[in-house]
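We name chains A, B, ... by the order of the sequence lines, and we start the count at 1 in each one. Bear in mind that the values here come from a model prediction, so they are computed numbers and not experimental data.
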2 protein chains.
Amino acid sequence: MTSDDVLFRPVQPVRAYQRVAEQIEERILSGDLPPGSRLPAERDLVTRFGVGRSTVREALRVLQSAGLIRSRPGDPLGAEVLGVSPDNLSQALGRLTRSRVASLGELVQFRMVLEAESNRLAARLHTAEDLARMQDEIDRMAALGPAELHAFSEADARFHQAVAEASGNSLLALCARAVHEAVVAVIEKRIAGAADAAAWMARSIEHHRAVLCAVRSGEAEAACRLGREALFAYYADLVEPEARRLLEASVEP
Amino acid sequence: MTSDDVLFRPVQPVRAYQRVAEQIEERILSGDLPPGSRLPAERDLVTRFGVGRSTVREALRVLQSAGLIRSRPGDPLGAEVLGVSPDNLSQALGRLTRSRVASLGELVQFRMVLEAESNRLAARLHTAEDLARMQDEIDRMAALGPAELHAFSEADARFHQAVAEASGNSLLALCARAVHEAVVAVIEKRIAGAADAAAWMARSIEHHRAVLCAVRSGEAEAACRLGREALFAYYADLVEPEARRLLEASVEP
DNA sequence: GCCAGTCGACTGGTCAGACCAGGTGAATTC
DNA sequence: GAATTCACCTGGTCTGACCAGTCGACTGGC
């Protein structure tokens, strides 16, 4: 009796650089090499692992492209351990959209899902500090003039970030941020050409106040619905026409 | 008047391997190098880019670790272009959980969000082929004995994959798969030690039938709720006790 | 004594050349 | 015609070298 119908699995050769990268990654993920600590110099690693320098360097490149370490030429302390960051996540999402595997419509719909759920959970699990952070960002947005669109958009991002973190799920928050970034990267130029920035900003502030109100009073479903509707209102006209149907399926009650 | 308060931004030197990697990545993402096509040999790239071989190799390592290409020693055709894959996504998610940035509870809750939304959208947008695929996988699961847990779990994954693809949002499907894989990677050993595999499998099939039924008849909210409840039922006892509160906030109506 | 400049010993980034094991396909042999 | 051999090319690895940049200790002048 075998729980699998394959007795032997095909085994692919493991490259030397891969084993080096795995060992170092294991040390980082296990917390043995905390963020801020330093790796030994490359020429040190060469003797420790018993491999050539190119092998060590390829391993370090892999770790660096995963955002786990950062190296700077001339640094006598060696490469710096960065720990796990969400940059890799947003990078992967960005690739998916740039390669047309995922369209802008799908990206926006995905953001609707994440933000709506963030709102719902935030309404149930928020703390007083969370509410204060959200209020702060709204105040900051309200204080900005129509020419400061970039700063406005950053405050907007921080507001949504605060909501996502209030949800208590850091994974949700990280993904929401990555998707937000990906959407902004795609759509930034289109939104900049919009006609009446002032009206758009006023409406946006209005919406954020409504969300905060729903979150504060614990109306989970209302907060959830508000998030969906707002994204639909902002982006429905910017996505591909055939993607509108997708978005409509998401907002329809 | 500047929309940014910084006139000059700090500029970090761009490494040679980075520019090489960017050029190749650009070609892949733009569709210029479709999946299945081949990159020139390394020694070719050396002359084309005018850099050393180690530089080319480090660039290829970065692309390979991002899942964009795959190289095999001795292949006279050169590295193979794989296109964008979700492997990178699930790898990043796995790192987040392994490094305790995200707990298992958060991972499961995130999966609840994605699957519930997949169910909801699938109920609204499914096609006849989608329904057939789901039915197929349920039949396959029902035909398996209690000893074939691994095959059962794979069919289960394919069922959820079919639902996610029926949602019409490929990004949602990719992320759902990545999260599913990450959950399985963490929890596989715990679930294998569960007492009555047969009862567990029967209950699982029952649940999948209920989801399919709701999707087929277009009951979006019911399908959504079923997804949440099922995940709660399966995993609530396996996550950290303090994470139960998170999950309860997700299922509570 | 203190500060500024110099210098040397590192660092990572890059290159060139070499060797190896493995795969391919054409030439060779039966 | 089929099986075998073999030259050639692939990616993987190692070595040794050089460069530019960084840092710290040393040394000069004030």
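- Ranking D:dT13, C:dT24, D:dG11 by closeness to the B:A41 side chain, first place goes to D:dG11.
- Straight-line distance from the CZ atom of B:R43 to the P atom of D:dG12: 10 Å, rounded to whole Å.
- Of the candidates D:dT13, D:dG11, D:dC14, D:dC14 carries the atom nearest the A:V51 side chain, counting heavy atoms from C-beta on.
- In this structure, CZ of A:R38 is placed 15 Å from C1' of C:dC10, rounded to the nearest angstrom.
- Summarising the geometry of A:A92 relative to B:L89, their closest heavy-atom pair is CB-CD1, 3.5 Å, with the distance given to 0.1 Å.
- A:L60 places its CG atom 14 Å from the P atom of D:dT13, with the value rounded to the nearest Å.
- Of the side-chain N and O atoms in A:S54, none sit less than 4.0 angstrom from OP1 or OP2 of D:dT15.
- In this structure, CZ of A:R61 is placed 7 Å from P of C:dT14, rounded to the nearest angstrom.
- B:E58 has no carboxylate O lying under 4.0 Å from a charged side-chain N of B:R61, or vice versa, which leaves the two without a salt bridge.
- One atom, CZ of B:R72, and another, P of C:dA21, lie 19 Å apart when rounded to the nearest Å.
- Checking A:G74 against B:D44, the closest nucleotide of DNA chain D that is more toward the 5' end is the one next to B:D44.
- Map A:P73 and B:S71 each onto its nearest nucleotide of DNA chain D; the residue landing nearer the 5' end is B:S71.
- Relative ring orientation between B:H208 and B:F159 is described as perpendicular, the plane-to-plane angle rising above 60° on a 0-90° scale split at 30° and 60°.
- When every heavy atom of B:S99 is checked against every heavy atom of A:V84, the shortest pair comes out as OG-CG2, 3.2 Å.
- Closest non-hydrogen pair, A:V62 versus B:S65, comes out as CG1-CB, 3.8 Å.
- If you take CG of A:D75 and P of C:dT11, they are 10 Å apart, rounded to a whole angstrom.
- Looking at A:R53, its side chain comes within 3.5 Å of the base of C:dG13 through a donor and an acceptor atom.
- Protein atom CD of B:Q64 is 11 Å distant from nucleotide atom P of D:dG11, rounded to whole Å.
- With rounding to whole Å, B:R57 atom CZ is found 14 Å from C:dC15 atom C1'.
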